[in-house]
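Data block below; observations after.
The chain is numbered in sequence order, starting from 1. Note that the structure is a prediction, hence the values are computed from the model and not measured.
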Amino acid sequence: MPGPLPGPPRIHGGTGLGCIAGAVPLPETGPGWQAVRLSRNRNWGHPALVETLRDLAARAQVQGLPILWIGDLGQPRGGPMPYGHASHQAGLDADIWLELSPKPRLTVAQREDIQVPSLVLPDESGVDPTRWTPRHAALIRLAAEMPGVDRVLVNHAIKRELCRGAAGAAWLHRVRPWRGHDSHMHLRLRCPPGEGDCRPQAPPPPGDGCDASLDWWLTPEARQPPKRAAGPAPVMPAACRAVLEPR
């Protein structure tokens, strides 16, 4: 749908299978951020997500970090996307590029084809020392410490580097490794208060995640995961029919 379903915000389902009514857009430009690839029409989310991103950009500015490039949030009514993401369906997810060079104010057209280099070595054994800086760690920590954040997904090599510098820190509990995410981080909120139809993701495992589980990501099983057997298509929450149908 090109626009949101009007009314108060209401999430049905979860980030991997759900929808949202009453989504609001992240403005294309604001203090400390520029939204990119706006032609995708994926700059929509729950009001709590948009407020979190505004606050994160403001806190980053206070720390002297440059303007943030903010990528996909979700579609105007959530739901499955035709390409690019399996999650981002409930208005609680946002991608933030880990590009910390000074940025000019770009036109919307110029933001369509941004190129952000990987921070990770080709074999994913660690971060690229020619690109990684303490400021990247500072931004990820800022995101992980934002109120309401459930987790921040980064490449396992980035998680490993964060563990080298901050093992035992409470905020590392919310920074979790996942495939890709070598040039951006994926911020996900918990279900906001009052959203009784929102299905939360299981919480991250206890601890800072700086343990042997990180080694698994370098195993053949992790590098070449087995294909999943075909199964029945997942069923959307019944309430999403009214949200996603044209009107």
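Interatomic distance, Thr219 OG1 to Asp215 CG, rounded to the nearest 0.5 Å: 9.5 Å. Put simply, CG on Leu187 and CZ on Arg174 are 11.0 Å apart, with the number rounded to the nearest 0.5 Å. The CZ atom of Arg131 sits 12.5 Å away from the CG atom of Leu100 when rounded to the nearest 0.5 Å. The CZ atom of Arg190 sits 14.5 Å away from atom OG1 of Thr15, with the distance rounded to the nearest 0.5 Å. Atom OG of residue Ser87 and atom CG of residue Leu17 lie 11.5 Å apart, to the nearest 0.5 angstrom. Taking NE2 of His12 as the reference point, atom CZ of Arg241 lies at 13.5 Å (rounded to 0.5 Å).
A 4.5 Å side-chain heavy-atom check between Trp97 and Leu68 finds every atom pair outside the cut-off. A heavy-atom distance below 4.5 Å is found between the side chains of Val175 and Trp171. Between Pro192 and Leu92, the closest side-chain pair of non-hydrogen atoms falls below 4.5 Å. Two residues are said to be in side-chain contact when any heavy atoms from C-beta on lie closer than 4.5 Å; Leu73 and Asp93 fail this criterion. In this structure the side chain of Val116 reaches within 4.5 angstrom of the side chain of Trp69, judged on heavy atoms. Counting heavy atoms from C-beta outward, Glu221 and Trp216 have side chains that approach closer than 4.5 Å. Residues Gln89 and Gln75 form no side-chain contact, since every pair of their non-hydrogen atoms from C-beta on lies 4.5 Å or further apart. Looking at Arg135 and Pro66, their side chains come closer than 4.5 Å, going by heavy atoms from C-beta outward.
Among residue pairs with one or both ends in residues 60-154, none qualify as disulfide bond (SG atoms under 2.5 Å apart); sequence neighbours excluded. Under the disulfide bond (SG atoms under 2.5 Å apart) criterion, no residue pair touches residues 38-86, with sequence neighbours excluded. Every pair passing disulfide bond (SG atoms under 2.5 Å apart) that includes a residue from residues 80-183 is listed here, sequence neighbours excluded: Cys163-Cys210.
Annotation: side-chain hydrogen bond (donor to acceptor under 3.5 Å, both in side chains) contacts of Thr107 (sequence neighbours excluded): Gln110. Partners of Glu245 under the side-chain hydrogen bond (donor to acceptor under 3.5 Å, both in side chains) rule, at least two apart in sequence or in another chain, do not exist in this structure.
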Show me the side-chain donor-acceptor pairs of residues 178-185 shorter than 3.5 Å, one per line, residues at least two apart or across chains.
residue: Arg179; atom: NH2; partner: Ala222; partner atom: O; Å: 3.3
residue: His181; atom: ND1; partner: Arg179; partner atom: O; Å: 2.6
residue: Asp182; atom: OD2; partner: Ser118; partner atom: OG; Å: 2.7

- Verdict with reasoning, Leu26 to Val50, per side chain to side chain contact (heavy atoms under 4.5 Å, CB included): CA-CA 6 Å; Leu26 176 73; Val50 172; 4.1 Å; yes

- Item | Lys159 and Leu214: CA distance, side-chain angles, deciding distance, side chain to side chain contact (heavy atoms under 4.5 Å, CB included) verdict | CA-CA 8 Å; Lys159 170 72 175 185; Leu214 270 177; 3.6 Å; yes

- Checking side chain to side chain contact (heavy atoms under 4.5 Å, CB included) for the pair Arg111/Glu28: CA distance, chi angles, key distance, verdict? CA-CA 10 Å; Arg111 302 178 205 175; Glu28 65 183 42; 4.1 Å; yes

- Task: Starting from the C-alpha separation in whole Å, work towards a yes-or-no answer on side chain to side chain contact (heavy atoms under 4.5 Å, CB included) for Arg151 and Gln201.
- Result: CA-CA 10 Å; Arg151 63 193 73 202; Gln201 184 176 0; 3.3 Å; yes

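Linking Ile, Leu, Val, Met, Phe, Trp and Tyr whenever their side-chain heavy atoms come within less than 4.5 Å puts Val24 and Ile96 in one cluster. Both Ile140 and Trp33 are members of a single hydrophobic cluster when ILVMFWY side chains are connected at heavy-atom separations under 4.5 Å. By the rule that hydrophobic residues join a cluster once side-chain heavy atoms approach within less than 4.5 Å of another member, Leu5 and Ile11 end up as members of separate clusters.
Nearest approach of Arg223 to Asp123, heavy atoms of both residues: NH2-O, 2.8 Å. Across Gln63 and Ala138, no two heavy atoms sit closer than the pair OE1-CB, 4.0 Å. Across all their heavy atoms, Pro76 and Pro2 have their closest contact at CG-O, 3.6 Å. Minimum heavy-atom separation, Gly79 to Met236: CA-CE, 4.4 Å. A pairwise comparison of heavy atoms in Leu139 and Ala60 identifies CD1-CB, 4.5 Å as the closest pair. Shortest non-hydrogen contact noted between His156 and Trp217 is CG-CB, 3.4 Å.
In this model, a donor atom of one side chain and an acceptor atom of the other lie less than 3.5 Å apart for Glu124 and Asn155. In this model, a donor atom of one side chain and an acceptor atom of the other lie less than 3.5 Å apart for Ser101 and Glu99. There is a side-chain donor-acceptor pair under 3.5 Å between His46 and Glu195.
Ion pairing between a basic and an acidic side chain is recognised when a charged N comes within 4.0 Å of a carboxylate O; Arg10 and Asp197 show no such pairing. Checked for salt-bridge contact, Arg188 and Asp150 miss the test: no charged N lies under 4.0 Å from a carboxylate O.
No option in Arg37, Arg40, His88 other than Arg40 meets the side-chain hydrogen bond (donor to acceptor under 3.5 Å, both in side chains) test with Asp72.
Lys103 places a side-chain N or O within donor-acceptor distance of the main-chain N or O of Ile67, the cut-off being under 3.5 Å. Between the side chain of Gln61 and the backbone N or O of Leu65, at least one donor-acceptor pair lies under 3.5 Å. A donor-acceptor distance shorter than 3.5 angstrom exists from the side chain of Glu112 to the backbone of Leu38, with no hydrogens or angles considered. Put simply, the side chain of Arg176 never gets that close to the backbone of Val152: no donor and acceptor are under 3.5 Å apart. Not one N or O on the side chain of Trp132 forms a donor-acceptor pair closer than 3.5 Å with the backbone of Gly126. Of the possible donor and acceptor atoms, one in the side chain of Gln34 sits under 3.5 Å from a partner among the backbone N and O of Pro104. No donor-acceptor distance shorter than 3.5 angstrom exists from the side chain of His173 to the backbone of Asp208, with no hydrogens or angles considered.
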